[in-house]
Amino acid sequence: MKVTVLSGGVGGARFTRGLRALLPDADITVVANTGDDLWLHGVRVCPDLDTLLYTLGGAVYEDQGWGRRDESRRVSDDLAAYGLGWDWFTLGDLDLATHLARTELLRAGLPLSQVMARLSERWQPGVRLLPMTDDEVETHVVLADGRELHFEEWWVRHRATLPAARFVQTDLASATPAPGVLDALAGADVVVLPPSNPVVSVGTILAIPGIRDAVRATAAPVVGISPVIGGAPVRGMADVCLAAIGVETSALAVARHYGHRPDGILDAWLVDERDADAADALRADGWAARAVPTLMTDVLTTARIAAEALALVGRVP
């Protein structure tokens, strides 16, 4: 089975780990959001790509869901002693090695997609890990007072407490999908939207010219898993992002935000059992929808959630 996943960071990484456990012999391609990427201390940092790499490679710090296990911060502490860096965005020593390696390869002329293939040789994630684009496209937040911040500053430093008016992606119009992305969508047996942030993770991937159209056009069924359970995001501050674009924080509203094909991008939507009314409403509108327990507590449970999502579109493992 060929599966293509459009993923953000922690939620998408944990879901993909369960999907990989369910389908150990499948051909899985993960298209990752790179809108959170930024330059820091002269190195290129790719938060979502690295969360996927570490989670699938078995090195993630499980308690926080991102970063390296057994991390230290001697370099960042010493940079702070020079009055440099951001105290709200600390690069761990082990993590810094990944960023240094990526930056060296980028400066040698390799595109990001090839860089990730090189990094994957070490971590063996068991999937093909692709950035959404090889171009530098960063998500910025336009605040209600007119200021513009990089998404990571708004998200990490300010914990999304500053009122946001809208999100913009820099250099979006000239960006193109990374090599392999459109082929992975066209050739898939099923396309999956995991429980990632629908605005700044999956939404940013879909904003790359050509990707949304490719999802609409694929012959494969497209199924999504709600990132909202009982009116609240599973993790993070996705509710603030949804509010900024005028979408209610509910499983039903997020499904309708993505939309049903052919005008939207979904064929089916899996929600938590606490949102059974949303599944009922969607079925009444002609969607394939089901309510099951969707909290990803461990790999085995997540594999069962992935199985439910695939079964919903007739791709029974």
Side-chain angles (χ1 to χ4, degrees), residues 1-9 12-13 15-17 19-20 23 25-39 43-57 98-139 169-194 196 200-222 265:
M1 186 182 297
K2 293 183 178 181
V3 185
T4 299
V5 181
L6 306 186
S7 177
F15 177 84
T16 303
R17 185 169 57 182
L19 178 69
R20 187 187 61 185
L23 302 172
D25 298 321
D27 180 356
I28 301 174
T29 299
V30 180
V31 179
N33 167 48
T34 58
D36 298 2
D37 295 6
L38 71 163
W39 287 99
V43 296
R44 190 63 174 170
V45 180
C46 301
D48 287 357
L49 278 168
D50 290 343
T51 295
L52 283 155
L53 199 64
Y54 298 153
T55 301
L56 298 173
T98 299
H99 306 319
L100 286 167
R102 174 187 296 114
T103 303
E104 180 175 339
L105 293 169
L106 288 171
R107 295 198 187 284
L110 271 66
L112 183 58
S113 53
Q114 291 184 25
V115 171
M116 292 313 300
R118 284 282 301 273
L119 298 182
S120 293
E121 290 175 7
R122 175 190 178 184
W123 292 108
Q124 296 295 307
V127 304
R128 185 185 186 198
L129 186 55
L130 294 176
M132 62 186 190
T133 179
D134 281 335
D135 302 307
E136 289 188 11
V137 174
E138 298 182 357
T139 300
Q169 282 80 33
T170 64
D171 300 316
L172 182 66
S174 60
T176 58
V181 170
L182 298 184
D183 289 342
L185 290 167
D189 294 310
V190 60
V191 176
V192 183
L193 274 57
S196 293
V200 294
S201 294
V202 178
T204 301
I205 298 170
L206 293 170
I208 297 297
I211 292 185
R212 185 184 296 271
D213 288 343
V215 175
R216 285 197 183 111
T218 182
V222 183
I265 61 169

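Quantities reported herein were computed from a predicted structural model and do not represent experimental measurements. Residues: numbered from 1 along the sequence shown. Hydrogens, waters and symmetry mates are skipped; everything else that's a heavy atom, side chains included, is used.
Nearest heavy atoms, I211 versus P177: CG1-CG, 3.9 Å. Residue G210 comes nearest to L182 through the heavy atom pair O-CD2, 3.7 Å, listed as atom of the first residue, atom of the second, then distance. Residues T16 and G12 approach most closely at OG1-O, 2.7 Å, considering heavy atoms. Counting all heavy atoms, side chain and backbone alike, T133 lies closest to I208 at CG2-CD1, 4.0 Å. Annotation for A175 and V137: closest pair CB-CG2, 3.6 Å, computed over non-hydrogen atoms. Nearest heavy-atom pair across P47 and V45 is CD-O, 3.5 Å.
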Step-by-step side chain to side chain contact (heavy atoms under 4.5 Å, CB included) determination, V181 to M132: CA-CA 7 Å; V181 170; M132 62 186 190; 5.8 Å; no
Worked check of side chain to side chain contact (heavy atoms under 4.5 Å, CB included) between T4 and V192: CA-CA 6 Å; T4 299; V192 183; over 6 Å; no
Criterion side chain to side chain contact (heavy atoms under 4.5 Å, CB included) on I265 and L206, from CA distance to verdict: CA-CA 10 Å; I265 61 169; L206 293 170; 3.5 Å; yes
Criterion side chain to side chain contact (heavy atoms under 4.5 Å, CB included) on L172 and T170, from CA distance to verdict: CA-CA 5 Å; L172 182 66; T170 64; over 6 Å; no
Quick one: side chains of residues 115-126, donor-acceptor pairs under 3.5 Å with protein atoms, not counting sequence neighbours, listed by atom name and distance.
unit_1: S120; atom_1: OG; unit_2: M116; atom_2: O; d: 2.8
unit_1: Q124; atom_1: NE2; unit_2: E121; atom_2: O; d: 2.9

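Proximity of a side-chain donor or acceptor of S196 to a complementary backbone N or O of S7 within less than 3.5 Å is not detected. Side chain of T218 to main chain of L185: a donor-acceptor pair is present (N/O by atom type, distance under 3.5 Å, no hydrogens or angles).
Applying the salt bridge (charged side-chain N to carboxylate O under 4.0 Å, His left out) rule to D213 yields the partners R216; only residues at least two apart in sequence or on another chain are considered.
Distance check: R44 CZ to H99 NE2 gives 11.5 Å after rounding to the nearest 0.5 Å. Rounding to the nearest 0.5 Å places CG of L110 at 10.5 Å from CD of E104. Here the straight-line distance linking atom CG of L19 with atom CE of M1 works out to 9.0 Å at 0.5 Å rounding. For the atom pair CG of L52 and OG1 of T55, the computed distance is 6.5 Å after rounding to the nearest 0.5 Å.
Counting heavy atoms from C-beta outward, D135 and D171 have side chains that stay 4.5 Å or more apart.
Using a cutoff of 4.0 Å between basic side-chain nitrogens and carboxylate oxygens, D27 and R128 are not scored as salt-bridged.
Pairs engaging residues 29-39 under the side chain to side chain donor-acceptor pair (under 3.5 Å) rule: N33-D36, N33-D48, W39-E136 [sequence neighbours left out].
Put simply, the residue from V30, L112, T98, L130 that forms a side chain to side chain contact (heavy atoms under 4.5 Å, CB included) with L49 is L112.
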